[in-house]
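Every number for a ligand or one of its atoms is a count from 1 in the order of the listing. Numbers for residues simply follow the sequence, beginning at 1.
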Amino acid sequence: MNQARGEWSSKFGFILAAAGSAIGLGNIWGFPIQTAKNGGAAFVFVYLLLTFIVCFPVVMTEIAIGRRTSKNPVGAFKELVPKTQWSLVGKLGVLCGFMILSFYIVIAGWVFGYFVEVTGGGLQRLATDGEFGIFVGNPYKNLLYTGLFMLATIGIVVGGIKNGIERWARLLMPTLLLMLGALIIYVMTLENAGKGLAFYLIPDFSKITVPVVNSALSQAFFSLSLGMGALITYGSYVSKKDDIISSGFIVTVLDSSIALLAGLLIIPAIFTLAPNTTADTIQAGPGLIFVFLPKVFMNLASDVGYFFASFLAAFFFLLISFAALTSTISLLEVPTSYVVDEKKIVRKRAAILTGGVIFIIAIGSMLANGASDFFTHFITYPSGSDKDFLSFVGDVFFEMCLPLGGFLLSAFAAFRWKTQNLREEIAQGRENYIGSILDKWISFIIYLCPFIIFFIFINTVLAKFFDIVLF
Ligand code: PFF
């Protein structure tokens, strides 16, 4: 192991950091939106199925490639299959990290901004209809909050592996879990929560359509930080002695659990706080948590007083900010480790340079909600839908490139690297792995993964951009 690159202090450190990367806005902001948009429980069902059948083997592939090579995604492919074009897969990952961070950090800035405004006494205002639109349309607030978020992200990435990323994850993730649990219990006591619960938990299988499957796969990839080499990068700091299969599994379970809990909070909250909501009229859009969380806390204010409710709301937005921060760190870590390893630039300069360029690209997303006409109506797809810059970057890099990366990674593992190498790497640190049921299952499913993912990928592209639904 190359100590100069840094290494997690323990297996637990890796699990926390990888879970920190996985758990973020994708779970708390994205998952409830996708669930509301895609028919509720049917989406949740497909999401879980895809997470464990298709995504978990890809999680293992990424961690194994990272640990085998101790390299960033580009270097890893160069080492495993020198002088081939496979390192392009790593480059695609680095580009994805770059572009995903450019919109992710803007949304993280909104969350942080809500924390600041609630702390300043603004809870009641933020709980008013229309307020979210005013907030995101303000270019100065966007610049300020996104800028602060980027500075924090760069600061921690500069701090390196043990001192930066791991220490924060260790402290804040468990607190987030506790607070989510407490809020769910509160929302369950409100009127109409049962209707939301039914929408969320009782699947109507006729709602499983191709677009639902597409969204579930993209969401699962995004949520697990998969398909762009983030787990290759984090895996590259894992010790040879560690059992990566249990780490990978724990991360997958933690990630889906937090997504499920966030859904369990937000979906019933919509039904209780917007009295006319039905399964057909349920709200789904980027403003979802920003509209409903302040309303939940305002509701709470009638029981515990405005001051205490504001305190809890501020604390909750702060925790979501931290969850987002452990993800922005990993998003920046991918391009940074590439620049450090491949371009031989020191970590500090590399992080500042990459973070700075991403911030400049992010300006497009900051202005995409009304502040600039150009970025608000950035592009019209052949299907006729008009997209702002933030949504466009999301469609291309989150919905399309992550599954594409997942397809290429699983195809690489199955047909180029060969499953024997994958098995050997997974077996390091876990006695009796070879020949176990898990081994047989992963070795089998990894051959199917490229086909399943490719099929869904093609459908996503056609549906998203051209409005063509094949099946
Ligand atoms: N998994 C993160 C989330 O759910 O918020 C987003 C993410 C982080 C995607 C890191 C990709 C990544 F490399």
Open item on the list: Angle between ring planes, Phe132 versus Phe290, binned at 30° and 60°: parallel, tilted or perpendicular?
Closed with: parallel

- [ ] Give a yes or no on this: more than 12 heavy atoms of other residues, nucleotides or ligands lie within 6.0 Å of atom CZ of Phe249.
- [x] no

Task: Proximal protein residues to ligand 1, non-hydrogen atoms under 4.0 angstrom - done: Ser21, Ala22, Gly24, Leu25, Gly26, Asn27, Tyr104, Phe222, Ser223, Ser225, Met228, Ala230, Ser327, Ser330, Leu331

Task: Set of residues satisfying side-chain contact (heavy atoms from CB on, under 4.5 Å) with respect to Leu462, sequence neighbours excluded - done: Ile458, Phe466, Ile468, Leu470

Task: Working for salt bridge (Lys or Arg N to Asp or Glu O under 4.0 Å), residues Glu425 and Lys240 - done: CA-CA 9 Å; Glu425 189 54 45; Lys240 287 281 181 208; 3.4 Å; yes

Return all side-chain donor-acceptor pairs below 3.5 angstrom for residues 145-155, not counting sequence neighbours, or 'none' if the list is empty.
unit_1	atom_1	unit_2	atom_2	d
Thr146	OG1	Asn142	O	2.7
Thr153	OG1	Phe149	O	2.8
Thr153	OG1	Thr328	OG1	3.1

Distance-only check: which donor-acceptor pairs under 3.5 Å involve side-chain atoms of residues 86-109, not counting sequence neighbours?
unit_1	atom_1	unit_2	atom_2	d
Ser102	OG	Met99	O	2.7
Tyr104	OH	Leu25	N	2.8
Tyr104	OH	Ser327	OG	3.4

